[in-house]
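Residue numbers count from 1 along this sequence. Remember, predicted model here, so these are calculated numbers, not experimental data.
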Amino acid sequence: MSGEVLRAPELPAWPQYSDEERDGLIRALEQGQWWRMGGSEVDSFEREFGAYHGAEYALAVTNGTHALELALQVLGVGPGTEVIVPAFTFISSSQAAQRLGAVAVPVDVDLDTYCIDPQAAAAAVTSRTKAIMPVHMAGQISDMDALAKLSADTGVPLLQDAAHAHGTQWQGRKVGELGSVAAFSFQNGKLMTAGEGGAVTFPDAELFELAFLRHSCGRPRTDRRYFHQTSGSNFRLNEFSASVLRAQLGRLAGQIDTREQRWPVLAEALAAIPGVVPQSRDERCDRNSHYMAMFRVPGLGEDRRNALVDALLERGLPAFAAFRSIYRSNGFWESGAPDTTVDELAARCPNTEALSADGIWLHHRTLLGTEEQMHQVAAVVADVIAAQ
């Protein structure tokens, strides 16, 4: 019909849940202990989540930002230290370091994968660097071969920000098998969720035990006399959230399988649209969880990009503007900022500048749709771009 507006198909909802979540909540309720020190849901979830990610040690916490903060603290990050972070990421990556009194040092990302540039990270290492934080953007694992070498050469540990990378693999190895600490998020939009929540996986018992103390106000599990061995905070996850996350973990693998099937279809259809460039995949990432379906329209500019996102939303697509460069938010400069300027950082991070201005992402629930719906989604994107 002439003049009819092309609209998005009815895509699957998020979050998804079923009787497994209901049963878990009742199980947590009826056990009579609703916090981790007396209940069994958090302990069980930690074992199951750690096993799924190839990590012997996993600690559940209140949210993904706290997961990063706790992980950084046990790695020795604090006042007078520096943490290297990608400039293109959600700001929790830098704020977790800044909350500990450290300086966050933004570096540029790869324009194809949107992950941290190992060469840029290497150039930023100083005697004060306590951690390098690769962010596995949208489920694409950062170049862990190059970063592991950088870590070995400099003695600076890696902290994987795996908030987007539940179930992702690098050359057959799971996130917990890559030899470094990793932090996950279970916020409402993440690949598995209890509304909020987080987890940290550890390669050894010593770091895990220190993290356990610090996530529970420095108090040992069996303490009855208030002998707090370290400083810390209350980052303990509750039993109800853990029961939901156990159910969410149970369906994660099947959802990733579906997204792995759908993304190549959608990416090919998007790439056929003049001016659209989908996020690339490093083939060493042989299982990608696809937290976002990301693409660029190079040269579009921030204002036109924002208008395009608004138009996609009006057509029924769950579309979002890409992350703003972390140094272009006022919150970045409140504390723990490097001794430089926005313009100087922008000059060092041209790829981040481009992504922040022309990047778009679709919620991962898009990739739970049918193969035909992937073509329909791309048709809506093409129609909206043609109308701009």
Side-chain angles (χ1 to χ4, degrees), residues 8 11-15 64 86-93 109-116 135-142 161-166 168 185 187-191 193 255-256 258-260 262-271 273 275-282 285 288-298 300-326 328-329 351-369 373-374 376-378 380-382 384-385 388:
L11 295 165
W14 191 263
F88 181 71
T89 183
F90 186 68
I91 202 168
S92 284
S93 302
V109 297
D110 180 84
L111 197 54
D112 295 323
T113 65
Y114 311 167
C115 294
I116 194 169
V135 176
H136 300 326
M137 184 57 60
Q140 165 61 57
I141 290 192
S142 305
D161 183 338
H164 301 176
H166 314 68
T168 298
S185 172
Q187 176 266 347
N188 197 63
K190 295 301 188 293
L191 293 158
T193 182
Q255 291 171 335
I256 294 175
T258 299
R259 295 189 191 99
E260 281 276 62
R262 299 294 181 263
W263 170 246
V265 177
L266 178 58
E268 183 178 3
L270 289 172
I273 303 169
V276 174
V277 181
Q279 180 188 23
S280 293
R281 177 168 181 162
D282 186 324
C285 179
N288 187 325
S289 55
H290 300 289
Y291 171 60
M292 301 163 168
M294 301 190 78
F295 61 94
R296 299 177 57 213
V297 187
L300 192 64
E302 186 172 353
D303 290 342
R304 291 177 61 204
R305 186 276 312 278
N306 292 345
L308 178 57
V309 169
D310 289 343
L312 292 173
L313 285 168
E314 290 174 3
R315 300 287 192 95
L317 280 182
F320 300 82
F323 298 124
R324 178 178 296 277
S325 311
I326 57 174
R328 290 195 178 276
S329 292
N351 295 341
T352 295
E353 289 292 295
L355 285 164
S356 298
D358 60 35
I360 296 170
W361 61 276
L362 305 177
H363 191 277
H364 61 78
R365 69 184 181 90
T366 304
L367 297 175
L368 295 178
Q373 285 178 328
M374 299 305 100
Q376 293 170 349
V377 166
V380 171
V381 174
V384 169
I385 288 176
Q388 293 292 301

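Scanning all heavy atoms of the two residues, the minimum distance from Met374 to Leu367 falls at SD-CD2, 3.9 Å. Here the shortest heavy-atom pairing between Ala319 and Val309 reads O-CG1, 3.7 Å. Closest heavy-atom contact between Ser142 and His136: N-ND1, 3.1 Å. Between Leu362 and Leu266, the closest heavy-atom pair is CD1-CD2, 4.4 Å. Shown here for Gln373 and Gly369, the closest heavy-atom pair between the two residues is OE1-CA, 3.1 Å. Annotation for Gly139 and Ser289: closest pair CA-OG, 3.6 Å, computed over non-hydrogen atoms.
In this structure, Trp14 and Thr193 have side chains that are in contact, with non-hydrogen atoms separated by less than 4.5 Å. The shortest distance between side-chain heavy atoms of Asn288 and Arg281 falls below 4.5 Å. For the pair Met137 and Met294, the minimum side-chain heavy-atom distance is below 4.5 Å. Side-chain contact between Arg304 and Leu308 is absent, with no heavy-atom pair separated by less than 4.5 Å. Contact of the Arg328 side chain with the Ser356 side chain is not registered, since no non-hydrogen atoms from C-beta on lie closer than 4.5 Å. The side-chain heavy atoms of Cys115 and Gln140, taken from C-beta on, include a pair separated by under 4.5 Å. The shortest side-chain heavy-atom distance between Asp110 and Asn351 does not fall under the 4.5 Å cut-off. Residues Ser93 and Ile326 are not in side-chain contact: their nearest non-hydrogen atoms beyond the backbone lie 4.5 Å or more apart.
With sequence neighbours left out, the salt bridge (Lys or Arg N to Asp or Glu O under 4.0 Å) criterion links Arg262 to no other residue. Arg305 is linked by a salt bridge (Lys or Arg N to Asp or Glu O under 4.0 Å) to nothing, counting only residues two or more places apart in sequence or in another chain. In this structure Asp282 satisfies the salt bridge (Lys or Arg N to Asp or Glu O under 4.0 Å) test together with Arg284, sequence neighbours excluded.
In this structure, Glu268 places its CD atom where only 12 or fewer heavy-atom neighbours from other residues, nucleotides or ligands lie under 6.0 Å away.
Between Phe88 and Tyr114, the two ring planes are perpendicular [angle over 60°; tilted spans 30° to 60°].
When Ile273, Val381, Val276 are each tested for a side chain to side chain contact (heavy atoms under 4.5 Å, CB included) with Val297, only one passes: Val276. Among the candidates Gln279, Arg259, Glu260, His364, the single residue satisfying the side-chain hydrogen bond (donor to acceptor under 3.5 Å, both in side chains) test with His290 is Glu260.
A donor-acceptor pair is defined here as one N or O able to donate and one able to accept, closer than 3.5 Å; no such pair exists between the side chain of His164 and the backbone of Leu191. Side chain of Arg315 to main chain of Ala8: no donor-acceptor pair is present (N/O by atom type, distance under 3.5 Å, no hydrogens or angles).
Note that NE2 of His363 is 6.0 Å distant from OH of Tyr291, once rounded to the nearest 0.5 Å. Taking CD1 of Ile360 as the start and CD1 of Ile385 as the end, the distance is 6.5 Å to the nearest 0.5 Å.
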*Apply side-chain hydrogen bond (donor to acceptor under 3.5 Å, both in side chains) to Thr352 and Ser325, showing your working.*
CA-CA 6 Å; Thr352 295; Ser325 311; 5.6 Å; no

*Checking side-chain contact (heavy atoms from CB on, under 4.5 Å) for the pair Arg296/Leu111: CA distance, chi angles, key distance, verdict?*
CA-CA 10 Å; Arg296 299 177 57 213; Leu111 197 54; 3.6 Å; yes

